[in-house]
Amino acid sequence: MSPGAAQNPESVKLRSIFVSTENETPLENVADKKEWACHNEGNDTKVDKEAGDEKDYIEEPIMLPQSTHTFLFTEDVSSLPFWFAVLTAAISLTCLVLALQNSLCGSSSNNVADAPVQVLPAVKVAQYISIFIGLLTEEEIPTALYMLRMISQKSLKSKFPQMKFWKFVFSAMVRLMLGYAFLFNMFIIIVQSDAVIDIFYDLLALQFVEQLDDIAFQLCKKEAFGDRLSRAGNKKCFHAEFQRQHFLGRLKKIGMFLKMLYFCNLALAIMGLTYITMKQRSGDYQATSITVTFGDELWEKAVVENVAGGFYEHDLIFSMFNGVYVQSGVHDGRPVYVEQRKFEQTPYEKWIGAEIKYCRSECRWVLTHRNIRKSMTSEKLDCDWIFRSPETTDYNLLDVSGSWSAWTGAIVHGANIFIIDNECESESDCNLNGVCSSGQCVCYSSYFGTHCEYREPCPVIKGDQNDTWGVVYFEDGTFFSLYDRPVYVYMEGYNGTSPPGENDALIIVYTGSRYFGFYYAGFRGKDLDFW
């Protein structure tokens with residue numbers, strides 16, 4: 001300092017540090033300088049931020065994480081703390097792997113994540129929010145990336161020459177492995193959840209499993225596991241500060257890569273959830289073909305509308321609606337299943353099949369038929385049900401099998417309905433009596449049925465009146481069937497009081513729940529196309 005400056009009672013500035021000619025207490029450390037600068041903000045004395053000598057924030061010191069994972073490089077391989085750290089990491093990883101295996105036990109080739117067929121809008125919003133929450137609560141990946149980025153081999157060796165850098169890298173790899181096991185579990189439980197609260201409960205459980213190392217470390221410091229682990233957790237290395245790295249050249253590129261890797265996790269999770277959402281909206285996870293079996297409920301004098309628009313009464317047996325239903329269209333956000341012909345499971349051409357669909361006005365799945373009314377005076381409604389489920393918001397019809405309600409002139413509760421998916425995943429779905437090909441069971445020669453559940457019928461049966469009946473076969477060797485049951489035609493030998501005429505047809509047909517005999521006068525010579 002020049003003599004002139006010493007004689008000047010006024011203060012002057014030297015670079016960004018305030019200097020006074022008065023007897024002032026010198027600034028002892030950087031923290032005092034920063035505090036002093038904050039107190040003098042707005043005065044003539046200002047911090048020259050462009051010069052870069054001072055900062056208006058305090059950087060977090062770089063220190064080793066207080067976790068049992070750190071024992072993997074601070075302790076000797078033969079020591080108790082090292083193997084305690086291995087055991088803790090193994091327990092966390094095992095729990096995460098078991099959770100993932102359990103979550104995927106119901107997966108299929110068409111639905112690898114075992115996601116529900118669809119979820120409510122509130123659940124879908126919660127799923128996207130949970131992606132961000134999960135990434136924020138997951139700490140192993142960012143901790144590992146931060147360590148690799150901020151603590152170099154040179155820096156570690158200068159502080160602790162006895163530590164091996166490869167063990168330091170191994171510890172970071174263990175963290176990354178546990179972190180990605182957490183993220184995989186997080187993604188699966190999010191896409192599988194169909195209730196908002198279940199998502200957050202499962203995330204809390206995963207977070208607890210992942211943080212076992214932090215919990216175990218704190219217990220070690222409190223001597224919960226003995227003196228040796230307590231001494232390992234209270235070593236001075238956990239309080240040492242490492243010099244902050246200057247990111248230039250290759251080191252800066254590594255830092256950018258590690259940052260991008262972290263944000264890629266977020267992008268991949270969002271993309272995966274969006275893909276599953278699109279599959280759910282397109283109905284790819286819904287059953288495309290189902291077999292429905294109703295009970296024996298009977299509606300006497302059911303009101304049926306004819307082709308001319310008039311009405312007539314007819315006894316309706318609900319089991320006649322049994323059979324195959326195929327997905328066709330959407331109603332109130334759920335698929336519509338349309339009844340198929342009982343012979344070859346194809347759509348009706350001349351007649352109208354029943355429909356099973358979801359009605360939001362009823363909050364139920366319902367069975368409806370366009371030509372069936374509850375009364376002759378009732379209006380024609382979109383959801384004029386004759387069979388309905390309990391109240392539900394479920395998107396999957398397969399999940400609402402069981403006890404429904406039937407309309408038989410009044411509501412009858414406790415009417416049973418059974419619904420199964422006609423698509424197969426393996427030979428076990430075909431009862432080991434056929435092979436699964438393209439989602440359909442191809443039965444062996446001696447079996448038939450949607451799931452190959454029936455043996456090939458006896459070609460000829462005999463009644464108690466010495467009457468003989470035969471299965472109707474086609475030219476290709478297959479037989480005529482209704483509701484997956486063979487149709488029998490009278491052949492000869494009836495010794496009863498009223499034998500059928502030579503030109504009359506007598507057949508036994510399964511009608512959904514039981515066999516009936518039908519007599520057709522003069523129809524015996526008709527071919528299969530007629531029937």
Open item on the list: For Tyr312 and Lys301: C-alpha separation, side-chain torsions, deciding distance, then whether side-chain contact (heavy atoms from CB on, under 4.5 Å) applies.
Closed with: CA-CA 8 Å; Tyr312 65 95; Lys301 298 181 179 181; over 6 Å; no
Take Phe448 and Phe479 through the test ring pair (Phe, Tyr, Trp, His ring centres under 6.0 Å) and record every step on the way to the result. CA-CA 10 Å; Phe448 72 101; Phe479 57 86; 5.0 Å; yes
*Starting from the C-alpha separation in whole Å, work towards a yes-or-no answer on side-chain contact (heavy atoms from CB on, under 4.5 Å) for His413 and Ile411.*
CA-CA 6 Å; His413 300 288; Ile411 299 177; 3.6 Å; yes
* **Trace of the side chain to side chain donor-acceptor pair (under 3.5 Å) decision for Asn110 with Ser108** => CA-CA 5 Å; Asn110 183 48; Ser108 63; 5.6 Å; no
Can you list the steps and then say if Ile290 with Ile420 is a side-chain contact (heavy atoms from CB on, under 4.5 Å)? CA-CA 6 Å; Ile290 60 176; Ile420 59 174; over 6 Å; no
**OP:** For Arg388 and Glu362, run side-chain contact (heavy atoms from CB on, under 4.5 Å): C-alpha distance rounded to whole Å, both residues' side-chain angles, the deciding distance at 0.1 Å, then the answer.
**Re:** CA-CA 9 Å; Arg388 71 180 185 183; Glu362 296 279 344; 3.5 Å; yes
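Residues Tyr515 and Ile508 form a side-chain contact, since some pair of their non-hydrogen atoms from C-beta on lies under 4.5 Å apart. Counting heavy atoms from C-beta on, the side chains of Leu100 and Ile188 come closer than 4.5 Å. Taking 4.5 Å as the limit, every side-chain heavy atom of Phe321 sits out of range of all side-chain heavy atoms of Val292. Residues Phe480 and Val471 have side chains not in contact (no heavy-atom distance under 4.5 Å, counting atoms from C-beta outward). Side-chain contact check for Phe170 versus Val174: some heavy-atom pair is nearer than 4.5 Å. Residues Lys342 and Asn322 fail the side-chain proximity criterion, which asks for heavy atoms closer than 4.5 Å. Glu355 places none of its side-chain heavy atoms less than 4.5 Å from the side chain of His369. Here the side chains of Val336 and Ser328 are not in contact, with every heavy-atom distance at 4.5 Å or above.
For the pair Gln211 (side chain) and Val209 (backbone), a donor-acceptor distance under 3.5 Å is absent. A distance-only check finds no donor-acceptor pair linking the side chain of Gln440 to the backbone of Ser438 [under 3.5 Å]. Checking side-chain atoms of Glu138 against main-chain N and O of Glu140 turns up a donor-acceptor pair under 3.5 Å. Between the side chain of Arg175 and the main chain of Ile141, no donor-acceptor pair closer than 3.5 Å is present. No donor-acceptor pair closer than 3.5 Å links the side chain of Asn396 to the backbone N or O of Val117. With Asn185 contributing its side chain and Leu96 its backbone, the two residues share a donor-acceptor pair below 3.5 Å.
In terms of heavy atoms, Ser193 sits closest to Asp202 at OG-OD2, 4.3 Å. Between Ile372 and Trp299, the shortest heavy-atom contact is CG2-CZ3, 3.7 Å. Summarising the geometry of Pro459 relative to Tyr473, their closest heavy-atom pair is CB-OH, 3.7 Å, with the distance given to 0.1 Å. Residue Tyr285 comes nearest to Ala115 through the heavy atom pair CE1-CB, 4.1 Å, listed as atom of the first residue, atom of the second, then distance. Contact detail for Ser437 and Val442: the closest heavy-atom pair is CB-CG2, 4.1 Å. Closest non-hydrogen pair, Glu339 versus Tyr325, comes out as N-CD2, 3.3 Å.
Inspection of the Ser389 and Tyr358 side chains reveals no N or O donor paired with an N or O acceptor under 3.5 Å. Side-chain contact check for Ser171 and His69: no donor-acceptor pair (N or O, by modelled atom type) lies under 3.5 Å. There is a side-chain donor-acceptor pair under 3.5 Å between Tyr454 and Arg485. For the 3.5 Å distance criterion, the side chains of Thr450 and Asp484 qualify, holding a donor opposite an acceptor. There is no side-chain donor-acceptor pair under 3.5 Å between Arg514 and Ser319. Counted by atom type alone, Thr291 and Asn422 present one or more donor-acceptor pairs between their side chains at under 3.5 Å. Checking Lys124 against Gln280 by side-chain atom types alone, a donor-acceptor pair falls below 3.5 Å. Side chains of Asp114 and Ser107: no donor on one and acceptor on the other come within 3.5 Å. For the residue pair Thr368 / Asp384, no side-chain donor-acceptor distance below 3.5 Å is found, with atom types taken as modelled. Defined by atom type and a distance below 3.5 Å, a donor-acceptor pair is present between the side-chain atoms of Glu423 and Thr288. Defined by atom type and a distance below 3.5 Å, a donor-acceptor pair is missing between the side-chain atoms of Thr392 and Asp394.
Pairs passing the disulfide bond (SG atoms under 2.5 Å apart) check and including a residue from residues 398-434, sequence neighbours excluded, read Cys424-Cys436, Cys430-Cys441. Under the ring pair (Phe, Tyr, Trp, His ring centres under 6.0 Å) criterion, the residue pairs touching residues 380-399 are Phe294-Phe387, Phe318-Phe387, with sequence neighbours excluded.
Rounding to the nearest 0.5 Å places CD of Glu210 at 8.0 Å from OG of Ser92. One distance of note links CD of Gln286 with CG of Leu397; it measures 8.5 Å at 0.5 Å rounding. The distance from atom CD1 of Ile352 to atom CG of Asn371, rounded to the nearest 0.5 Å, is 4.5 Å. To the nearest 0.5 Å, atom CZ of residue Phe182 and atom CG of residue Leu135 are 8.5 Å apart. Atom NE2 of His331 and atom CH2 of Trp365 lie 11.0 Å apart (nearest 0.5 Å). Distance check: Gln192 CD to Phe187 CZ gives 10.0 Å after rounding to the nearest 0.5 Å.
Crowding of Phe518 atom CZ: a count of heavy atoms from other residues, nucleotides or ligands under 6.0 Å exceeding 12. Few gaps surround OH on Tyr128; more than 12 heavy atoms of other groups in view lie less than 6.0 Å from it. By the 6.0 Å contact criterion, CZ on Phe184 is open, its count of non-hydrogen atoms from other residues, nucleotides or ligands being 12 or less. Heavy atoms of other residues, nucleotides or ligands lying less than 6.0 angstrom from OH of Tyr201 number 12 at most. Residue Met320 places its CE atom among 12 or fewer non-hydrogen atoms of other residues, nucleotides or ligands, all under 6.0 Å distant. Taking a 6.0 Å sphere around CZ of Phe343, one finds it holds more than 12 heavy atoms contributed by other residues, nucleotides or ligands.
If you run side chain to side chain contact (heavy atoms under 4.5 Å, CB included) between Trp469 and each of Ile461, Val460, Val489, only Ile461 comes through.
A cation-pi arrangement is found for Lys374 relative to Trp407, the charged atom lying closer than 6.0 Å to the ring centre and inside a 45° cone about the ring normal.
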Identify all side-chain donor-acceptor contacts of residues 84-91 below 3.5 Å with residues at least two apart in sequence or on another chain.
from: Thr88; atom 1: OG1; to: Phe84; atom 2: O; distance (Å): 2.9

